[in-house]
Q: 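I'd like to ask you about the structure that follows.
Basis for what follows: all heavy atoms, side chains included, without hydrogens, waters or symmetry-related copies. Within every chain, numbering begins at 1; the chains are lettered A, B, ... in the order of the sequence lines, protein sequences first and strands thereafter. Being a predicted model, the structure only gives us computed values, none of them experimental.
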Protein chains: 2
Amino acid sequence: MSDGFQRDLLRGSLDLMVLSVLADEPQYGYSIQKQIRDVSQGRVDLKAGTLYPLLHRLEADKLIRSKWDDSTGRRRKWYELTKAGQKRLHAQAQEWHSYVECIGQLLTLVLPTLPKPA
Amino acid sequence: MSDGFQRDLLRGSLDLMVLSVLADEPQYGYSIQKQIRDVSQGRVDLKAGTLYPLLHRLEADKLIRSKWDDSTGRRRKWYELTKAGQKRLHAQAQEWHSYVECIGQLLTLVLPTLPKPA
DNA sequence: CTTACATACATAGCTCGTCTATACATAGAA
DNA sequence: TTCTATGTATAGACGAGCTATGTATGTAAG
């Protein structure tokens, strides 16, 4: 993730990120990478070595499915959510919110003076 | 973490949790574990094999310091934040809020219909 | 009394997601 | 033609958190 967030923060939420950018419409690896980088203002910059294995894992788990497009000079592998992927996305989003709330409580409990999120 | 959150969510935020429960007052391992379990309503239940190595790592990094208390039958190792630990805590809290906001944006951008956090 | 459980700390070894490094190939710009 | 951006891919290293196990004491139940 280059600069930006410390590496381990991503762990466990990268799936959520990728699934969520696929929620709208099918995309290919490189465009997923770019969109996440843009939305995060460059602070989450997935390397190829992170993204592609992740996509392969999601596909192996039947959460996304892929289709090659060789019609142009650039070979692109398009991914889209499966039904299971949509379910997983919603479940993970719920869990994420719940987790955030949980940490937030811990922080406000013991550190009421801590600077609040913007 | 037993049931509750999927394992990788904790990654990168466990340090933050432990540092934050130490912000108030010195505590020993077992009490840290209990407090985190209580605040999270049982959903973050650190195993000994997770907590103690983590504490040793934090101490090796000079973010906390320890002192044995053998005055009672129960040997307890009390930990407290160092100055560096306080700095790290605030930095990590900031980063956490920033990261949460970032993910939140991604979720609302592509999934405006997603259930909001409570 | 002795059995059981909560307390209290510790380490060895495993898992597996993310990272770095490397590889190959095309399109477009300098 | 040389450099950059695009586009996908894998091998190997790293390391945080997990499981399993070990030791030992205080306290309550039977």
Q: Should the pair A/Glu80-A/Arg65 be classified as a salt bridge under the 4.0 Å nitrogen-to-oxygen rule?
A: yes
Q: Starting at atom CG of A/Asp61, determine the distance to atom P of C/dG17, rounded to an integer number of angstrom.
A: 9 Å
Q: If I take atom CG in residue B/Leu54 and atom P in nucleotide C/dA10, what distance separates them, rounded to the nearest angstrom?
A: 13 Å
Q: Please figure out whether B/Arg57 or B/Ala48 has its closest DNA chain D nucleotide nearer the 5' end.
A: B/Arg57
Q: Could you state the atom-to-atom distance from CG of A/Leu10 to P of D/dG17 in whole Å?
A: 14 Å
Q: Between D/dT6, C/dT20, C/dA6, spot the one nearest the side chain of A/Arg74, thanks.
A: D/dT6
Q: Tell me what B/Leu51 touches on the nucleic acid: a base, only sugar-phosphate, or nothing, going by heavy atoms under 4.0 Å.
A: nothing
Q: How would you label the contact of A/Trp68 with the nucleic acid (heavy atoms, under 4.0 Å): base, sugar-phosphate, or nothing?
A: sugar-phosphate
Q: On DNA chain C, nearest-nucleotide positions of B/Asp8 versus B/Arg37: which is more 5'?
A: B/Arg37
Q: Over how many whole Å does the gap from B/Phe5 atom CZ to D/dG17 atom C1' extend?
A: 16 Å
Q: Would you call B/Asp45 and B/Lys47 a salt bridge, taking side-chain N to carboxylate O under 4.0 Å as the test?
A: yes
Q: Nearest-Å distance, CG (B/Leu14) to C1' (C/dG17)?
A: 15 Å
Q: Between D/dT8 atom P and A/Asp69 atom CG, what is the distance in whole Å?
A: 10 Å
Q: Among the nucleotides C/dA10, D/dA9, D/dG7, which one has an atom lying closest to any side-chain atom of B/Tyr79?
A: C/dA10
Q: I want to confirm an ordering. Mapping A/Pro53 and A/Gly73 to their closest nucleotides on DNA chain C, which one lands closer to the 5' end?
A: A/Pro53
Q: Can you tell me the distance, in whole Å, between the CD atom of B/Gln33 and the P atom of D/dC18?
A: 11 Å
Q: Using the side-chain heavy atoms of B/Arg11, tell me which of these nucleotides is nearest: D/dG17, D/dA9, C/dA10.
A: D/dG17
Q: Please report the distance, rounded to the nearest Å, between CD in A/Gln92 and P in C/dG17.
A: 12 Å
Q: Please determine whether a side-chain nitrogen of the Lys or Arg among B/Arg11 and A/Asp8 lies less than 4.0 Å from a carboxylate oxygen of the Asp or Glu.
A: yes
Q: Is any side-chain N or O of A/Tyr30 closer than 4.0 Å to OP1 or OP2 of D/dT6?
A: yes
Q: Do A/Ser31 and A/Arg76 pair up side chain to side chain, a donor and an acceptor below 3.5 Å, judged on atom types alone?
A: no
Q: Regarding B/Asp15 and B/Arg57, does a basic nitrogen lie under 4.0 Å from an acidic carboxylate oxygen?
A: yes
Q: Tell me which nucleotide among C/dT18, D/dA9, D/dC18 gets nearest to the side chain of A/Lys77.
A: D/dA9
Q: Mind checking the CG-CG spacing from B/Leu81 to B/Leu22? Nearest 0.5 Å is all I need.
A: 5.0 Å
Q: Phosphate oxygens OP1/OP2 of D/dG7: is one of them under 4.0 Å from a side-chain N or O of A/Tyr28?
A: yes
Q: Starting the side chain at C-beta, find the nucleotide from C/dA10, D/dA9, C/dT20 nearest to B/His56.
A: C/dA10
Q: Of all the nucleotides listed (D/dG7, C/dT18, D/dC18), which has the minimum atom distance to the side chain of A/Arg76?
A: D/dG7
